[in-house]
There are 2 protein chains.
Amino acid sequence: MPMATMRDVAELAGVSTATVSHVINGSKKLSPETTERVLRAISQVNYTPNTVAKSLRMGQTFTIGVLVEDIRGLPVAAIVSGISETLSKAGYKTIFHDLHLLEKLYNQYEQIGTYRERINEGVLLLKSSNVDGIIYVAMHDRHLDYLLDPMDTPLVYAYSHGTENDTYVTYSNKDSAADMIRYLLSKGHERIAVIAGHPHSYPTGQRLLGIQMAMQQAALTLPPEYIRYGDWEYESGKTQTKALLELPSPPTAIFAMNDLMAAGSLSAIQTMGLQIPKDIAIVGFDNREIASYLQPPLTTVALPTPAIGAKAALHIIDMISNPYAHPVREIIPCSIIERDSV
Amino acid sequence: MPMATMRDVAELAGVSTATVSHVINGSKKLSPETTERVLRAISQVNYTPNTVAKSLRMGQTFTIGVLVEDIRGLPVAAIVSGISETLSKAGYKTIFHDLHLLEKLYNQYEQIGTYRERINEGVLLLKSSNVDGIIYVAMHDRHLDYLLDPMDTPLVYAYSHGTENDTYVTYSNKDSAADMIRYLLSKGHERIAVIAGHPHSYPTGQRLLGIQMAMQQAALTLPPEYIRYGDWEYESGKTQTKALLELPSPPTAIFAMNDLMAAGSLSAIQTMGLQIPKDIAIVGFDNREIASYLQPPLTTVALPTPAIGAKAALHIIDMISNPYAHPVREIIPCSIIERDSV
DNA sequence: TCTGTGAGGTTAATCGTTTAAAAGATTATA
DNA sequence: TATAATCTTTTAAACGATTAACCTCACAGA
């Protein structure tokens, strides 16, 4: 049995389709009797408006395209969760497109062409679905200016940065790192070492900046031998920690720039027979699931993922109703999750 | 500048919109010159068909609604990833709706009403978006028969079961558990204990069945004191393991029914000063991220999540073109991930 | 009695496609 | 030469909503 249409309702109620539409949308004052009759007819035939027809007529789909690099990436799922919640509360639907780009993204510059293709395809697909706007959730900064060229659809970046002229919402690298240092300082640590990520990556640079800043403010310095670079992976945390502990004057606290390296660090510390947090403190970044199951549970900084998603959704909705507004850059602070590793 | 329409193309090429449509869809043989002219016009005005109009006319949206309990649930993201990939390869779009139901689901029977409401809302929302079909991704079995009542939209369950008359795709609880036992047996273990999940949950029951079966086939038995029930959480793994180790004749291998409890178990074993896997072996279930970062890395069973997603997508597409086919129940085997804990 | 006003409803165009059916043009057949 | 057959293209009616503009009627005021 085909879905009931507005016509069916109109006929049953003995009115025109215009009247039915007005009842549904409250777009005109109607007599109580008519309204009543139409409402009854609606529930009698179990009528639901056909969104497709509505969209065609109104030139709006009330649909936002959510383009993600890979939903399997941990922060991505949490961000999408936030987006989805806010969007549906605001009456928007989410059309989801996954680029499946989770392979290790670094050092694959030869493949950048393929990435661009995949991304372009995704955008085209969403645009051809007549989405009212697009949210792009990427784990690493990508310069997507080339994408914007043919883009008359509002776009906001969530998590990663766009260019200067884009609207994006991300988390604070610099301030969060500084906060963590201040936290360590407040616990009495002064000899703090850091295991950074890839030397040239944006988060590494920013966080290092924040760290130096916080140290300076405390009239302390971060000696060069206390800065070691890893590759964001478990093993590198292990190696760099060993190097750190063999220093003539080893640190009393280690700040690893993600939880994976922190886990490696923790394992290295323990195989050297040291106690955490008695002999040395260790903190991470990201608050992945693993952080709470390490022994001891890891103190780390939590990304404001739900907030990033929610804000991104809010911004895209704004941009739809107000297409010529200025781009807005929103940077959300992270929070420190205290556990037992310091 | 508004998007170019078929009319624009037609005018530019000096033909009717019907001709343009035929060129695009290859639905009629046309002279090469006309085709050429239309094609040129299309790229000149940068035309993309308006999907909304197309959907209205065709009565099909080429859109599948993906209803998830909560995308933050680990297996959920991986399943959605599989769904999305298969769907978009087949030319379908994914409209995503998250129910945000991640709060601990157990023992909340009072809240079941709210769940039903949330789920119903979601289904209604998707139906009103005129999706061609719905995939429901739930982490726990829910009896959604009440949902099907007004459902003329094809539905497939992914991960969880539906009722007898539903199409679903899930993983094998019984066989995977049996496989794991056989694996342990092959490594020389005969005194195998199990830390189960909630006593009355479906996975617990099925896996226990598989375990008993495999033991019997090896002419071994699982003594009652070797079966302990946890609550799927870390702490319960710890407690149950302690109890197991205090037995007069402790097991040489422990099979925890998820990685979280296995992690707890591992911690308990180590605080008792035992070596893994030398003194005792431990295996888990789920292959969560945590499994590979435990010390030692945990041997566990991996859920076939991408396959579940892919198959679910395939089934829904089948059902769309063939609405009166029989329901199909597909159970996909899991695989054992060998690491260093046995 | 006539005009003006407002309330309550309707008419019909429109959004951008698809697709039967019709029409026109060209070639083949008798 | 007339007719049939074929090939190419067009006409126009959908699909199911929204909405500006119009219509009708009742009543108030002059």
Side-chain angles (χ1 to χ4, degrees), chain A residues 1-42 45-63 91 93 127-132 152, chain B residues 1-42 45-63 91 93 127-132 152:
Chain A
M1 176 195 50
M3 202 70 160
T5 81
M6 202 171 232
R7 248 193 109 78
D8 300 329
V9 175
E11 268 165 24
L12 185 58
V15 296
S16 72
T17 60
T19 302
V20 178
S21 174
H22 287 136
V23 168
I24 291 173
N25 301 308
S27 39
K28 204 157 224 176
K29 212 170 45 169
L30 298 172
S31 76
E33 304 89 59
T34 313
T35 306
E36 173 60 20
R37 210 140 32 88
V38 169
L39 254 24
R40 205 195 321 280
I42 286 179
V45 300
N46 199 14
Y47 168 76
T48 330
N50 180 320
T51 325
V52 175
K54 184 169 177 158
S55 295
L56 176 59
R57 176 60 225 245
M58 310 248 287
Q60 251 204 85
T61 54
F62 289 96
T63 293
K93 276 153 270 151
K127 286 187 67 176
S128 85
S129 302
N130 301 72
V131 296
D132 295 340
D152 29 18
Chain B
M1 177 195 50
M3 202 70 160
T5 82
M6 201 172 231
R7 250 192 108 79
D8 301 328
V9 174
E11 268 166 25
L12 185 59
V15 296
S16 72
T17 61
T19 303
V20 178
S21 175
H22 287 136
V23 168
I24 291 172
N25 301 307
S27 40
K28 209 151 223 182
K29 212 169 46 167
L30 297 172
S31 75
E33 304 89 60
T34 313
T35 306
E36 173 61 20
R37 213 143 28 92
V38 169
L39 254 25
R40 204 193 325 276
I42 286 178
V45 299
N46 200 13
Y47 168 75
T48 330
N50 180 319
T51 325
V52 174
K54 185 169 176 157
S55 296
L56 176 59
R57 176 58 226 245
M58 311 248 287
Q60 250 203 86
T61 55
F62 288 97
T63 293
K93 274 154 272 151
K127 284 187 69 177
S128 85
S129 302
N130 301 75
V131 296
D132 295 341
D152 30 17

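Protein chains get the first letters and strands the later ones, always in sequence-line order, with residue 1 at the start of each. From a predicted model like this one, the values you see are computed outputs, not experimental measurements.
Closest to the side chain of Met58(A), out of dT18(D), dT9(D), dT10(D), is dT18(D). Nearest to the side chain of Thr34(A), among dT17(C), dG9(C), dT19(D), sits dG9(C). Of the listed nucleotides (dT10(D), dT17(C), dA13(C)), dT10(D) has the atom at the smallest distance from the side chain of Ser16(B). Closest contact between the side chain of Ala18(A) and the listed nucleotides dA7(C), dA12(C), dC15(C) involves dA12(C).
Panel note: side chain Thr35(A), backbone Ser31(A); a donor-acceptor pair is recorded below 3.5 Å. Judged purely by atom type and a 3.5 angstrom limit, Asp132(A) uses its side chain to pair as donor or acceptor with the backbone of Phe62(A). Formation of a donor-acceptor pair under 3.5 Å by the Ser129(B) side chain with backbone atoms of Val131(B) is not found in this model.
Between Val38(B) and Ile24(B), every side-chain heavy-atom pair lies at or beyond the 4.5 Å cut-off. No side-chain heavy atom of His22(A) sits under 4.5 Å from any side-chain heavy atom of Thr17(A).
Distance CE (Met3(A)) to P (dC15(D)): 16 Å, rounded to an integer number of Å. The NZ-C1' distance, from Lys54(B) to dG16(D), rounds to 19 Å in whole Å. In this structure, Tyr47(A) places its OH atom 10 Å from P of dG16(D), rounding to the nearest Å. Taking atom CD1 on Ile24(A) and atom P on dG9(C), their separation rounds to 15 Å, with Å as the unit. Taking atom CG of Asn50(A) as the reference point, atom P of dT18(D) lies 10 Å away to the nearest angstrom. Distance Arg7(B) CZ to dT11(D) P: 11 Å, rounded to the nearest Å. In this structure, Arg57(A) places its CZ atom 19 Å from P of dA14(D), rounding to the nearest Å. The distance between atom CD of Glu11(A) and atom C1' of dT10(C), rounded to the nearest whole Å, is 15 Å.
Across all strands, Val15(A) comes closer than 4.0 Å only to sugar-phosphate atoms, never to a base (heavy-atom distances). In this structure, Ser31(A) reaches the sugar-phosphate backbone alone: every heavy-atom distance under 4.0 Å involves primed, P, OP1 or OP2 atoms, never a base. Looking at heavy-atom distances under 4.0 Å, Thr5(B) makes contact with sugar-phosphate atoms alone, never a base. Among the atoms of the strands shown, base atoms are found under 4.0 Å from some heavy atom of Leu56(A). Looking at heavy-atom distances under 4.0 Å, Val52(A) makes no contact with the nucleic acid at all.
Residue Ser21(A) places at least one side-chain N or O under 4.0 Å from the OP1 or OP2 atom of dT18(D). Listed pair Asn25(A) / dT18(D) meets the phosphate criterion, a side-chain N or O lying under 4.0 Å from OP1 or OP2. Contact annotation: Thr19(B) reaches the phosphate of dT10(D) (side-chain N/O to OP1 or OP2, under 4.0 Å). For Thr17(A) and dA17(D), the shortest distance from a side-chain N or O to OP1 or OP2 is not below 4.0 Å.
Of all the heavy atoms in Ser55(A) and Val52(B), the pair that sits closest is CB-CG1, 3.8 Å.
Residue-to-nucleotide contacts include no donor-acceptor pair under 3.5 Å from the side chain of Lys28(A) to the base of dG8(C).
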